[in-house]
Asker: 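For reference, the structure I am asking about is given below.
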Protein chains: 2
Amino acid sequence: MADLSSTQAIEALGSLAQEHRLAIFRLLVQAGSGGLAAGDIAERLAMPKSSLSFHLAHLERAGLIVRRRDGRSLIYSADYAAMNRLVAYLMENCCGGAGCVDALSGSLERIAS
Amino acid sequence: MADLSSTQAIEALGSLAQEHRLAIFRLLVQAGSGGLAAGDIAERLAMPKSSLSFHLAHLERAGLIVRRRDGRSLIYSADYAAMNRLVAYLMENCCGGAGCVDALSGSLERIAS
DNA sequence: TCTTTATTTCGATATTTCTGGAATTATCGA
DNA sequence: TCGATAATTCCAGAAATATCGAAATAAAGA
């Protein structure tokens, strides 16, 4: 699993830095590896299909989600590995060394329990 | 240390999702708590002062950096706690549960060593 | 093949963000 | 107080993003 370049990190950060796209991504994370059809997402988030399509394409370009076809539906799902790479990038490049690692260990334990 | 709202997370993500701002932030992380004067940053990153000022204001608004005055200089420094909150937000809301925590534990160990 | 369903792509517009020179504000030292 | 230094704010234009209806594409089933 190769490290992210800063260009890739910027792409990913920019994708998540938008109200609708963050909501889409969070929904897909919740949905798990089964993913959700575009139509389902549009309905749940109550947004016009063409707008949704624009944001899905953005997230896919950034590598944060993947899609597969199932009959007439296109199923989108979160790429957890990509997200891990992004978080790892932030921890390695944008955190304050040991203090940061300690602080985050606490968070990890909280989430795991 | 209160959790980030999704609006705050979007602000922070948007601040880092820009070439110059990411470079500024990384530089400030490296610089440590002593921080750097605006002029130093402008020189090191070779950018016009007014542009730099725009980006510093953006990062400060997002809560990722803080500034203090020292004589004629304004010293900027990274707010590690804010960064930790952002990473924690991503792990809690945008990661795939246990699998994600395991993957990131590995990263933490790698960074710590 | 024709129709229906699922979704994307196109296109025009509105909005936001970025850029950098010029003018302005704040501080220091003589 | 004056002159020099450090930085910001102002401004206008350029570039990038977001919005969403209408038209186009892809697949399924009768």
Side-chain angles (χ1 to χ4, degrees), chain A residues 6-28 31 34-79, chain B residues 6-28 31 34-79:
Chain A
S6 68
T7 304
Q8 291 173 314
I10 287 167
E11 282 275 303
L13 290 166
S15 283
L16 294 176
Q18 209 277 349
E19 184 187 358
H20 297 309
R21 286 194 296 267
L22 184 59
I24 293 166
F25 190 76
R26 290 180 65 178
L27 184 61
L28 291 177
L36 286 175
D40 279 2
I41 302 170
E43 195 178 356
R44 293 196 204 209
L45 299 180
M47 61 171 71
K49 283 158 186 255
S50 61
S51 297
L52 175 68
S53 226
F54 169 81
H55 291 302
L56 286 170
H58 203 298
L59 285 162
E60 198 191 11
R61 226 181 306 128
L64 289 167
I65 64 176
V66 292
R67 80 175 185 189
R68 62 180 196 275
R69 182 174 280 280
D70 176 21
R72 278 180 284 214
S73 297
L74 288 172
I75 311 291
Y76 288 88
S77 51
D79 184 335
Chain B
S6 68
T7 303
Q8 290 172 315
I10 288 168
E11 282 276 304
L13 290 165
S15 282
L16 295 175
Q18 210 276 350
E19 184 187 359
H20 297 309
R21 285 193 297 267
L22 184 59
I24 292 166
F25 190 77
R26 291 179 65 177
L27 184 61
L28 290 178
L36 286 174
D40 278 3
I41 302 170
E43 194 177 358
R44 295 197 204 207
L45 300 181
M47 59 172 73
K49 285 164 183 247
S50 62
S51 298
L52 176 69
S53 228
F54 169 82
H55 291 301
L56 286 171
H58 202 298
L59 285 162
E60 199 192 10
R61 227 180 306 127
L64 290 166
I65 64 176
V66 292
R67 82 174 185 190
R68 64 178 193 276
R69 182 173 280 280
D70 176 21
R72 277 178 283 213
S73 298
L74 288 172
I75 311 291
Y76 288 88
S77 51
D79 184 335

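Just so you know, these numbers come straight off a predicted model, no measurement behind them. Values reported hereafter were calculated over all heavy atoms of this structure, with side chains retained and with hydrogens, waters and symmetry mates removed. Throughout, protein chains are lettered first and strands after them, A, B, ... in sequence-line order, and every chain is numbered starting at 1.
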Asker: Taking the side chain of A:Pro48 as its heavy atoms from C-beta onward, which of D:dT19, C:dT27, D:dC20 lies nearest to it?
Answerer: D:dC20

Asker: Just how far, in rounded Å, is P of D:dA18 from CG of A:Leu45?
Answerer: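 Taking CG of A:Leu45 and P of D:dA18, I get 16 Å after rounding.
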
Asker: For the side chain of A:Ser50, starting at C-beta, report the closest nucleotide among D:dC20, C:dT8, C:dT4.
Answerer: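 Between D:dC20, C:dT8, C:dT4, the one nearest the side chain of A:Ser50 would be D:dC20.
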
Asker: Would you indicate which nucleotide in C:dC28, C:dT8, C:dT19 comes nearest to any side-chain atom of A:Lys49?
Answerer: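 Between C:dC28, C:dT8, C:dT19, the one nearest the side chain of A:Lys49 would be C:dT8.
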
Asker: Across the strands shown, which category fits A:Ala37 at heavy-atom distances under 4.0 angstrom: base, sugar-phosphate, nothing?
Answerer: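 The residue A:Ala37 makes sugar-phosphate contact but no base contact.
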
Asker: Atom NE2 of A:His55 and atom P of C:dT7: how far apart are they, to the nearest Å?
Answerer: 17 Å

Asker: Counting side-chain heavy atoms from C-beta on, which of C:dT8, C:dT5, C:dT19 comes nearest to A:Leu74?
Answerer: C:dT8

Asker: Answer yes or no: does a side-chain N or O of B:Arg21 lie under 4.0 Å from OP1 or OP2 of C:dC18?
Answerer: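 Yes, because at least one side-chain N or O of B:Arg21 sits under 4.0 Å from OP1 or OP2 of C:dC18.
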
Asker: Please give, in whole Å, the distance from D:dT17 P to A:Glu19 CD?
Answerer: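 These atoms are roughly 18 Å apart.
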
Asker: Whole angstroms only, please: what is the CG-C1' distance between A:Leu56 and C:dA6?
Answerer: 13 Å

Asker: I need the minimum non-hydrogen distance between B:Ile10 and A:Leu16, along with the two atoms involved.
Answerer: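 Minimum heavy-atom contact is CG1-O, 4.3 Å.
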
Asker: Return no unless some side-chain N or O of A:Ser73 is found under 4.0 Å from OP1 or OP2 of D:dA27.
Answerer: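 Checking D:dA27 against A:Ser73, no side-chain N or O comes under 4.0 Å of OP1 or OP2.
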
Asker: Using only atom types and a distance under 3.5 Å, with no angle test, would you say the side chain of B:Arg21 pairs donor to acceptor with the backbone of B:Gly14?
Answerer: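 Indeed, once roles are kept as given, a pair shorter than 3.5 Å links the two residues.
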
Asker: Kindly say if B:Ser51 contacts the phosphate of C:dC18, meaning a side-chain N or O under 4.0 Å from OP1 or OP2.
Answerer: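 Indeed not, no polar side-chain atom of B:Ser51 lies that close.
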
Asker: Rounding to a whole Å, what distance do you find between A:Met47:CE and C:dT7:P?
Answerer: 14 Å

Asker: Quickly work out the B:Arg72 CZ to D:dA4 P distance and round it to whole Å.
Answerer: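 About 12 Å, once rounded to whole Å.
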
Asker: Taking NE2 from B:His58 and C1' from D:dA16, how many angstroms apart are they, rounded to a whole number?
Answerer: 13 Å

Asker: Tell me: CG of A:Leu59 to P of C:dT8, nearest whole Å?
Answerer: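 So the two atoms are 12 Å apart, to the nearest Å.
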
Asker: Between CG of B:Leu59 and CD of B:Glu11, what distance do you get to the nearest 0.5 Å?
Answerer: 11.0 Å

Asker: Start at the 5' end of DNA chain D and walk down; is the nucleotide closest to A:Gln18 or to A:Arg69 reached first?
Answerer: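 It is A:Gln18, whose closest nucleotide lies nearer the 5' terminus.
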
Asker: Which heavy atom in A:Tyr76 sits nearest to a heavy atom in A:Ile41, and how many Å separate them?
Answerer: CB-CD1, 4.3 Å

Asker: Looking at B:Ser6 and A:Arg26, what are the two nearest heavy atoms and their distance?
Answerer: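 Residues B:Ser6 and A:Arg26, closest heavy atoms: CB-NH1, 3.9 Å.
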
Asker: Counting only side-chain N and O atoms of B:Arg67, is one of them less than 4.0 Å from OP1 or OP2 of D:dA7?
Answerer: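 No.
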
Asker: Is there a side-chain polar atom (N or O) of B:Tyr76 under 4.0 Å from OP1 or OP2 of D:dA6?
Answerer: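 No.
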
